[in-house]
Protein chains: 2
Amino acid sequence: MNYKKQYIPPTLTVDLVLFQIINNELCVLLMKRPNDPFKGMWALPGGYNPESETTMEALNRIVKNKIGIDTNKDLSYIEQLYTFDTVARDPRGHAVSVTYMGCSQNLNIDKAPNEIAFFPVAKLPKTAYDHADIVHYAHKRMSSKITYTNAAFAFLADTFTLTELQFVYEAIFDRKLDKRNFRKKFLTLNLISETKKIQKVGAHRPAKLYKFKSKSIEELARSFE
Amino acid sequence: MNYKKQYIPPTLTVDLVLFQIINNELCVLLMKRPNDPFKGMWALPGGYNPESETTMEALNRIVKNKIGIDTNKDLSYIEQLYTFDTVARDPRGHAVSVTYMGCSQNLNIDKAPNEIAFFPVAKLPKTAYDHADIVHYAHKRMSSKITYTNAAFAFLADTFTLTELQFVYEAIFDRKLDKRNFRKKFLTLNLISETKKIQKVGAHRPAKLYKFKSKSIEELARSFE
DNA sequence: GCAAAAGTGTTTGGGATACACCCATGC
DNA sequence: GCATGGGTGTATCCCAAACACTTTTGC
């Protein structure tokens, strides 16, 4: 096993695609790069994964440092997305980036150490690297995720109205759904239960509040849509 | 960017889960490890991914060296599966493994440089590392892949009978399907077309031969099952 | 009373499921 | 002629899709 002595691994990085729904639009968190390369451009939060850290550990550390978010506490869901053989971020050579996709709900990003913002996925600014591609790949994954699992819970508060739930689907699918069919379908899926609370906002009939029976990923009995 | 000088990446490895259907069973290719660790145990073919190689390039090189297979020519399909933060393969520390899932059809493995064999996924031998978990993860992925895409083409010769196609689904789903319903459904999906050839084997009615209209991944209009 | 969002049922068509017999061939 | 696998049709049920009005509230 002599060759192990000479073995030099490629640079390993981790990146996060963080989704949140704002004003009924699917948005993604981007950070303005403070340094070269791509200084001043918007990019996914991410960084170097050194030896002795798992990719999740590295991601957690980096995201905490760069944007002040704790992936364990502040995200309602996270999963590994894909590993990209990206164009060199590091002048030394080829870099491999393990990407994660996460969701949050009403995240407070005011105290972030860097300039960060949520952008609608449909109107991304010019981004560094191939990050726009990664966001679209993640969007597609999330779209199928909510069709065959209960993943929509990750975008909602603990209790929510059926209209809010429908807006999550509409934002991610990027199309309108029929209100009656949506409700009928979702209620028969047996994933959510009525609470005794109601939401009173504005000059109209108050809405019943529901909650997900489980907030871990479950596959649907009948796939959605 | 001083810290880049100190940055040491983790070991990066690539591994291949290669599926083939043999005797109507879903099988996976394993290689007997010639060296420690896990010397003598069965494992997925894989190896170190050095700097300056993409994961696909490294996989191609390693698989060619270790088992004499060209991932470009000998596989009917390949995709990235998942990146595992595996237990250390290398005594130096934590290793990250990018895994791929591929399919072959009637592969010739007689001239492989190492001892390799196909094992039914349902009856795996004791495997090195977490490789049994990786195989089952890949199996699950393949199972959904054939439900919403035409991926079954990857397990079949250029032309095939409907019974052979059904056997692919049965092997991967690990259950019997109704012959009439399967045929009706598949023919209305409009993915395959009749050829003018027929297959005559054995003392029974000959079978029409079909072919896939496309041998690249396409999503089905209506998901299967 | 009126604006605004919540809530609610029925009809129709298509596809999934269940199920059993005839057909073409080699020997 | 018989064993073997190829090939075919129908009835039922459930679900998806289409579609519009009533209810409850704040002002």
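Side-chain atoms are counted along with the backbone in the values below, which use heavy atoms only and exclude waters and symmetry mates. Reminder, nothing fancy here: chain letters follow the sequence lines and each chain counts from 1.
Here dA16(C) presents its P atom at 20 Å from NZ of K179(B), a figure rounded to the nearest Å. Taking atom CD of residue Q199(B) and atom C1' of nucleotide dG7(D), one finds them 14 Å apart after rounding to whole Å. Rounded to an integer number of Å, the gap from CZ of F160(B) to C1' of dG6(D) is 16 Å. Atom CZ in R175(A) sits about 10 Å away from atom P in dA18(D), given to the nearest Å.
No side-chain donor-acceptor contact under 3.5 Å links R33(A) and T127(A).
A close approach under 4.0 Å does not occur between any side-chain nitrogen or oxygen of K184(B) and OP1 or OP2 of dG15(C).
Between the side chain of R180(A) and the base of dA18(D), no donor-acceptor pair of N or O atoms lies under 3.5 Å. Judged by atom type and distance alone, K208(A) does not reach the base of dG7(C) through any side-chain donor-acceptor pair under 3.5 Å. In the interface, the side chain of K200(A) is not paired with the base of dT24(D) through any donor and acceptor atom under 3.5 Å apart.
Residues K176(A) and E170(A) are paired through a salt bridge, judged by an N-O separation under 4.0 Å between the basic side chain and the carboxylate. A salt bridge links E79(A) with K145(A); the closest basic N to acidic carboxylate O contact falls under 4.0 Å. Using a 4.0 Å cut-off between charged side-chain N and carboxylate O, K211(B) and E194(B) make no salt bridge.
Across all strands shown, R222(A) has heavy atoms under 4.0 Å from sugar-phosphate atoms exclusively, and none from any base.
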